Amino acid sequence: MALVSVIIPSYKSDDCLIRAVNSVLSQTYKDIEVIVVDDNNPDSNDRKRTTDMMTVFKSDDRVRYICHVKNMNGSAARNTGIKAANGVYISFLDDDDVYYEQRIEKCVSALSDNPEAMAVYTAVDVNSKDRTWTVEAKAEGKIWKDLMLNTGLLGTGSNLFLRKSAVDEIGFFDTGFLRYQDVEFMLRFTYQYPIIALNEPLVRKNEVNRNIPDYDKFRKNKSIIFSKFDWMIAQLSEEERKTYYSKHYKELFESALAKGTHEQIHTAASELSQVRELTTKERISGRFPTLVRIYRKIRN
């Protein structure tokens, strides 16, 4: 059997970390190592809580616990895990998600049967506060364009299962990205390598507390994406570029509506309107953001 290294970055985690690790240890595929990378500051309560939780696995030699000397962000934590990994395959798992018990076995089997493929992803069950749904896995091959036009294509960063040899060649996660770290990495990966899909839910994403990004930081991150992948954007058709930019500027507009100032909302609405015409709902939201926030608060 080929060793599989499962990398779990952890930051401000609660007991869900134990659940995540156990979902790996209970896999039907047994040749595994779990690498938990603690990205909390050493003197924080979060570091103490994580260290206490990891004592549960102290006697299990399949589990390795690595602590950063300071908070460095999720990309750096994934890179630390990659450097420590001994596996033929590398898989990632967010500390609030879980694998279903046959996930690793089926992913290894898929890559064994398809030696030309460098990675595999599966369908994902998503649990949120309001509802549950499944993100299907259908696109195959060099799916970089599909991923550009639909950043939610993979469902979660926990859906990355890759050959270590390809990861070594493509390089590490870009630590300049505070969001879309997995998308940035997989855009580079899928531009160069083919990937296969298993349209069966083998990962569960738990979306309990959806984080609304700070508008200015989010806008800066978008600018980095546009700049870094301008050469990919240039390969899209005119209609595809419109779809691409519409999606990103729509997300910025939603971020501004949720937490931004009136000036930020105006800027976000203006940028979105340059890509496509605003809907009636968007125009009303832009003009009366306070009422929109009150309505959302009452509804939730």
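All values derive from a computational prediction rather than experimental measurement.
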Is the number of heavy atoms from other residues, nucleotides or ligands within 6.0 Å of CZ (Arg283) greater than 12? yes
Partners meeting side-chain hydrogen bond (donor to acceptor under 3.5 Å, both in side chains) with Lys222 (sequence neighbours left out): Tyr180, His248, Glu251
Can you tell me how far CD1 of Ile143 sits from CD1 of Ile195, rounded to the nearest 0.5 angstrom? 4.5 Å
Partner of Val120 under side-chain contact (heavy atoms from CB on, under 4.5 Å), chosen from Val108, Ile196, Leu202, Asn114: Ile196
Without hydrogens or angle criteria, can the side chains of Ser91 and Arg103 be said to hold a donor-acceptor pair below 3.5 Å? yes
Quick one: list whatever passes side-chain hydrogen bond (donor to acceptor under 3.5 Å, both in side chains) with Gln102, sequence neighbours left out. none
Going by salt bridge (charged side-chain N to carboxylate O under 4.0 Å, His left out), name the residues that satisfy it together with Glu169, two or more places apart in sequence or in a different chain. none
Closest non-hydrogen atom pair, Glu140 against Ala197: OE2-N, 2.9 Å
According to side-chain contact (heavy atoms from CB on, under 4.5 Å), who are the partners of Asp182, at least two apart in sequence or on a separate chain? Leu160
Could you check whether Tyr100 and Thr122, counting side-chain N and O atoms only, form a donor-acceptor pair closer than 3.5 Å? no
List for me each residue that meets side-chain contact (heavy atoms from CB on, under 4.5 Å) alongside Asp14, sequence neighbours excluded, and say none if there are none. Cys16
From the options Trp144, Tyr193, Phe173, Phe172, select the one residue that forms a ring pair (Phe, Tyr, Trp, His ring centres under 6.0 Å) with Phe185. Phe173
Does anything in residues 39-54 form a salt bridge (Lys or Arg N to Asp or Glu O under 4.0 Å)? List the pairs, not counting sequence neighbours. Asp38-Arg47, Asp46-Arg49, Lys48-Asp52
Same cluster or not: Ile233 versus Met186, using hydrophobic residues (I, L, V, M, F, W, Y) connected whenever any side-chain heavy atoms lie under 4.5 Å apart? yes
Is there a path of hydrophobic side-chain contacts, each under 4.5 Å between heavy atoms of I/L/V/M/F/W/Y residues, joining Met53 to Val34? yes
Are Phe92 and Leu154 joined in one hydrophobic group, where the rule is that I, L, V, M, F, W and Y side chains link up if heavy atoms are under 4.5 Å apart? yes
Let me check something: do Leu153 and Leu236 share a hydrophobic cluster, defined by ILVMFWY side-chain heavy atoms less than 4.5 Å apart, either directly or through other members? yes
Test: salt bridge (Lys or Arg N to Asp or Glu O under 4.0 Å). Region: residues 75-86. Which pairs qualify, not counting sequence neighbours? Arg78-Asp94
Are Leu147 and Tyr121 connected in the hydrophobic side-chain network, where two residues link if heavy atoms are under 4.5 Å apart? yes
Sequence neighbours excluded, the answer for side-chain contact (heavy atoms from CB on, under 4.5 Å) partners of Ala85 is Ser5, Glu33, Ile35, Ile90, Lys164
Contact list for residues 185-197, test salt bridge (Lys or Arg N to Asp or Glu O under 4.0 Å), sequence neighbours left out: Glu184-Arg188
Between the side chains of Tyr249 and Ser273, is a donor N or O closer than 3.5 angstrom to an acceptor N or O? no
Which residues pass the ring-ring contact (aromatic ring centres under 6.0 Å, His included) test with Tyr245, sequence neighbours left out? Phe226
Restricting to side-chain hydrogen bond (donor to acceptor under 3.5 Å, both in side chains), what partner residues turn up for Asp60, sequence neighbours left out? Arg62
By side-chain contact (heavy atoms from CB on, under 4.5 Å) - contacts of Lys217 (at least two apart): Asp214
At their closest point, which heavy atom of Ala77 faces which heavy atom of Ile7, and how far apart are they? O-CG2, 4.5 Å
